[in-house]
Amino acid sequence: MAQFWKPGTEKPRLIDDEEGGVLFLSASASSSSSGYGFASFEKQRQRLPVYKYRTAFLYLVETHATTIVVGETGSGKTTQIPQYLKEAGWADGGRVIACTQPRRLAVQAVASRVAEEMGVKLGEEVGYTIRFEDATSTGTLIKFLTDGVLLREMMGDPLLTKYSVIMVDEAHERSISTDILLGLLKKIQRRRPELRLIISSATIEAKSMSAFFQTRRRRGLQGEEPALAMEPAILSVEGRGFNVQIHYVEDPVSDYIQAAVSTVLLIHDKEPFGDILVFLTGQDDIETAVKLLTEEARDNRKSSSGLIVLPLYSGLSRAEQELIFSPTPRGKRKVVISTNIAETSLTLEGIVYVIDSGFSKQKFYNPISDIENLVVAPISKASARQRAGRAGRVRPGKCYRLYTEEYFVNEMAAEGIPEIQRSNLVSCVIQLKALGIDNILGFDWPASPSPESMIRALEVLYSLGVLDDDAKLTAPLGFQVAEIPLDPMISKMILSSDQLGCSEEILTIAAVLSIQSIWVSSRGIQKELDEAKLRFAAAEGDHVTFLNVYKGFLQSGKSSQWCHRNYINYHAMKKVVDIREQLRRIAQRLGVTLKSCDNDILVVRKAVAMGFFANACRLEPFSHEGMYKTVRTSQEVYIHPSSVLFRVNPKWVVYHSIVSTDRQYMRNVATIEPSWLREVAPHFYRQDGPDAMLH
DNA sequence: GAGCACTGC
């Protein structure tokens with residue numbers, strides 16, 4: 001877990017996380033040790049709650065195939081357990097101990113902390129691997145990696161033979177990668193009885209994890225360690241959190257933004273000093289709340305003087321992030337108004353009060369329309385507890401829940417719906433296929449996705465030519481697509497560009513599509529941004545526009561001033577260059593000839609269509625509002641106002657993705673010719689299919 | 001003329 005600068009500790013150093021954003025990590029990378037002055041690492045390690053379970057833990061690992069560790073925040077499990085395992089000899093004889101994390105930044109932070117504690121150079125005995133960055137060597141004994149990277153490793157080594165122990169940390173977050181990994185590890189266990197699994201999970205998930213890893217004892221197997229228990233062991237380790245007092249509203253609130261603002265003022269008025277963290281759902285909510293509090297501070301200086309109000313969400317600029325992590329001046333009170341990002345991804349020090357709206361934005365996937373929606377939905381009890389826990393990191397705290405106790409007890413779901421049941425499964429299915437899991441529907445998941453979603457994914461992969469009639473990966477296309485670490489539609493586009501002679505252009509487009517946005521964030525400077533966009537806009541759509549921007553960026557000598565003048569995000573462009581280079585290497589390895597089509601934009605559009613034909617849309621005749629319908633599912637969609645084709649409304653387009661608000665908006669849109677659809681995907685756009693309207 | 005919960009390969 002990433003830790004951030006705590007006032008009064010060592011000066012932070014900057015970690016540029018390749019996403020273009022900078023976060024502050026304390027030099028010691030762990031707040032739990034920072035209060036102990038000059039104590040040696042060994043002393044510090046012994047003071048962690050997990051230390052007194054060391055022997056018990058090692059015994060359980062010795063005697064059980066799977067051990068589930070339930071550990072609260074600050075127990076030290078993530079940094080200590082891999083070291084205990086190493087000390088007990090699990091890394092002897094050329095074997096490696098693996099520890100997975102859901103996030104890249106956590107991988108780097110934990111690895112560097114453990115290397116420091118062990119007094120070794122990072123990348124040697126202790127190393128880490130994240131996408132595009134491998135800091136390991138042949139001598140690496142403890143390896144931290146994202147769960148996605150471990151899944152990728154299985155493609156080359158399906159039984160993960162080099163690992164003696166695999167620890168899956170933060171398993172309760174139930175990301176898609178974690179769930180796939182858990183399902184596969186359970187399979188591996190049957191083939192490799194000597195392998196040990198450690199699943200680290202929050203209390204609430206431990207039981208279902210245990211049930212999942214419950215395996216029948218196998219009989220008559222030669223060489224199996226006789227004493228090995230197949231039933232998972234569960235070890236609970238207490239955390240370092242302080243007590244958090246929970247307050248509920250007496251009656252349901254109708255406006256949680258207003259309620260949150262009032263609660264902030266009430267705390268500020270009545271409670272001793274200590275920073276406040278407010279959980280709302282998204283940028284809009286947050287900016288409304290910030291505005292209300294700022295106005296309050298202006299109009300009524302008495303009740304709100306001394307408040308420093310700060311928004312927090314992932315899209316913040318570098319400068320705004322700095323404010324969040326700067327220490328609160330004496331006599332002031334910081335109020336951070338945040339999305340879910342403060343629930344798991346980053347930790348703010350100094351929070352004593354939490355205000356929980358009870359809602360967050362969550363993704364839901366509808367396999368019928370094949371559209372992912374982002375909607376405001378009630379959080380689970382597990383999330384509510386996690387949010388409350390953020391108040392107890394420095395001293396006993398208070399959590400104000402903007403819902404009733406009755407609602408919490410009787411209505412709130414115990415846990416959230418796992419991501420795999422809320423997502424498009426195209427990437428997930430191809431990954432399992434690449435690992436030789438043919439019976440996707442029968443796969444032993446920790447939580448099964450709906451058959452409709454799986455069938456929809458199989459259908460798209462079949463149409464892309466990635467799967468054959470028997471739902472097996474095709475050669476070479478299917479295997480190539482599976483090997484490229486991108487959405488299969490983008491991978492198909494890249495591979496198709498080979499025969500069309502425009503791979504240089506398509507690699508650029510693929511790189512741009514895999515980052516959020518190349519434009520500077522636009523609030524308040526909309527007119528300037530629109531004008532800047534016009535300088536690059538292409539009639540063929542956003543993809544060709546990206547090529548114009550990239551060309552301009554290279555011609556400027558990758559100049560940050562040039563980006564600034566043109567309202568382009570310099571850090572995003574640097575990342576595009578970096579990702580493009582990685583993709584170029586992968587494409588070359590797969591035999592794609594690097595070739596530019598110069599200015600023959602037609603082939604570029606065709607390559608885009610070869611990847612994204614499933615997202616084809618036609619403008620509704622006589623539509624004055626620019627209404628389109630998807631060719632496949634007849635969904636009503638519109639071109640997003642950020643697209644260069646907004647209000648241009650060409651008759652036929654393909655889109656890269658959809659954002660859903662009041663309407664379904666297509667982001668990143670390219671013009672196509674309708675005749676291409678049947679040409680590039682004849683089986684998909686059959687004469688008798690839903691595409692009778694192709695005529 | 002309007003919007004971006006959060007990750008990851």
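Because the structure is a prediction, the values reported are computed rather than measured. When reading the values below, keep in mind they use all heavy atoms of this one structure, side chains included, and skip hydrogens, waters and symmetry mates. In what follows, every chain begins at residue 1, and chains take the letters A, B, ... in the order their sequences are listed.
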Could you check how far CD of A/Q386 sits from P of B/dA5, rounded to whole Å?
20 Å
Grab the CZ-C1' distance between A/R131 and B/dC9 for me, whole Å please.
5 Å
Compare side-chain N and O positions of A/R663 against OP1 and OP2 of B/dG3 and report whether any pair is under 4.0 Å apart.
no
Kindly assign one of parallel, tilted or perpendicular to the pair A/H543 and A/F546, based on the angle between their ring planes and the thresholds 30° and 60°.
tilted
May I ask you to verify whether the side chain of A/D530 and the base of B/dG1 hold a donor-acceptor pair under 3.5 Å?
yes
Enumerate the side chain to side chain donor-acceptor pair (under 3.5 Å) contacts for residues 509-519 of chain A, please, sequence neighbours excluded, ordered by first and then second residue.
none
Take the protein atom CD1 of A/I494 and the nucleotide atom P of B/dC9, then report the distance between them rounded to whole Å.
17 Å
Rounding to an integer number of Å, can you tell me how far A/E173 CD sits from B/dG8 P?
11 Å
Given side chains that start at C-beta, do those of A/S200 and A/T78 come closer than 4.5 Å, heavy atoms only?
no
Is the ring pair A/F408/A/Y403 parallel, tilted or perpendicular, if the boundaries are 30 and 60 degrees?
parallel
Taking for A/S514 and for A/L312 the nucleotide of DNA chain B with the nearest heavy atom, the one nearer the 5' end belongs to A/L312
Under 4.0 Å, heavy atoms only, any strand: does A/S175 hit a base, just the sugar-phosphate, or nothing?
nothing
Return the value, rounded to whole Å, for the distance between atom OH of A/Y256 and atom P of B/dA5.
11 Å
Please report, rounded to the nearest Å, how far the P atom of B/dC4 is from the NE2 atom of A/H640.
6 Å
Winner on side-chain proximity to A/R104, out of B/dC4, B/dG1, B/dC9, is B/dC9
Suppose we screen for salt bridge (Lys or Arg N to Asp or Glu O under 4.0 Å). Which residues come up paired with A/R401, at least two apart in sequence or across chains?
none
With sequence neighbours excluded, residues passing side chain to side chain contact (heavy atoms under 4.5 Å, CB included) with A/A587
A/I494, A/L507, A/V592
Short side-chain N/O contact to B/dC6 OP1/OP2 from A/S314, under 4.0 Å
yes
Residues which pass side chain to side chain contact (heavy atoms under 4.5 Å, CB included) with A/A614, listed by chain and number, not counting sequence neighbours
A/M489, A/R632, A/F684
So, is B/dC4 syn or anti if syn means the angle is within 90° of 0?
syn
Can you figure out which of B/dA5, B/dA2, B/dG8 approaches the side chain of A/Y665 most closely?
B/dA2
In numerical order, the residues of residues 146-155 of chain A whose heavy atoms come under 4.0 Å of DNA chain B are A/T146, A/G148, A/V149, A/R152
Rounded to whole Å, CG of A/D134 lies from P of B/dC9 at a distance of 12 Å
For A/P485 and for A/T281, find the nucleotide of DNA chain B with the closest heavy atom, then tell me which residue's nucleotide is more 5'.
A/T281
To the nearest angstrom, the CZ-C1' distance between A/R667 and B/dA2 comes to 12 Å
Tell me every residue that passes side chain to side chain donor-acceptor pair (under 3.5 Å) with A/Q421, counting only those two or more places apart in sequence or in another chain.
none
Would you indicate what A/I341 reaches in the nucleic acid, counting non-hydrogen atoms under 4.0 angstrom: base, sugar-phosphate, or nothing?
sugar-phosphate
